[in-house]
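Fair warning: this is a prediction, and the values are worked out from it, not measured in the lab.
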Amino acid sequence: MDLWVSVLVGAVGGLVLLWLLALVAVALARPRGNLLVEAVRLLPDLLRLVSRLARDRELPRGVRVRLWLLLAYLALPVDLVPDFVPVLGHADDAIVAALVLRSVVRRAGEQALERHWPGTPDGLAAVRRLSGGTAG
């Protein structure tokens, strides 16, 4: 019985450590300045963009898989950072989306964003900055 308790405590401790590491990674990767506010404001357009990109068969399979995983993460009711955590609680979805978009832009190019962007030109400029691309 003591062995099972030790295994359970070790497993729970390991999961808590992994969660804390993920929390630190999200905090370090957050967009600087007002980009985080822009990302949260653009979240509906970002969701449509991610959905359109995920269905684009011209993009590499790895890119589409990342996008589908992002959509699954965004659909889950459980967040990496609980909503009661100040600042990051409501912004974790935008931060994770920005990280995935950076990866997509590196692999597929900014032209993919331009083809599928459903919002305004100003919104596209913000998404470009968010994804590490050019602003204009």
ask   = Sub-3.5 Å donor-acceptor pair from the side chain of Ser6 to the main-chain atoms of Asp2, do we have one?
value = yes

key: Point-to-point distance, once rounded to the nearest 0.5 Å, from CG of Leu46 to CG of Leu74   = 9.5 Å

note = When rounded to the nearest 0.5 Å, the distance separating CG of Leu70 from CG of Leu99 is 9.5 Å

message = Rounded at 0.5 Å granularity, tell me how far CG in Leu59 sits from CG in Leu67.
response = 7.5 Å

With Arg52 via side chain to side chain donor-acceptor pair (under 3.5 Å) - residues at least two apart = none

ask   = Does a side-chain N-to-carboxylate-O contact under 4.0 Å join Arg115 and Glu110?
value = no

request  = Might you work through the side chain to side chain contact (heavy atoms under 4.5 Å, CB included) test for Arg128 and Glu114, ending with a clear yes or no?
outcome  = CA-CA 9 Å; Arg128 283 183 174 150; Glu114 292 171 11; 2.3 Å; yes

query = Where is the tightest heavy-atom contact between Asp45 and Gly119, given as atom of each residue plus distance?
reply = OD2-CA, 3.8 Å

inquiry  = When you measure from the side chain of Trp117 to the backbone of Thr120, do you find a donor-acceptor pair of N or O atoms at a distance under 3.5 Å?
reply    = yes

All side chain to side chain donor-acceptor pair (under 3.5 Å) counterparts of Arg107, not counting sequence neighbours = none

inquiry  = Working to the nearest 0.5 angstrom, can you tell me the gap between Arg64 CZ and Asp56 CG?
reply    = 8.0 Å

ask   = Does the side chain to side chain contact (heavy atoms under 4.5 Å, CB included) test come out yes or no for Leu49 and Leu101, once each step is laid out?
value = CA-CA 10 Å; Leu49 172 68; Leu101 282 177; 4.2 Å; yes

query = About how many Å separate NE2 of His116 and CZ of Arg55, when rounded to the nearest 0.5 Å?
reply = 9.0 Å

request  = Starting from the C-alpha separation in whole Å, work towards a yes-or-no answer on side chain to side chain contact (heavy atoms under 4.5 Å, CB included) for Val104 and Val50.
outcome  = CA-CA 10 Å; Val104 168; Val50 169; over 6 Å; no

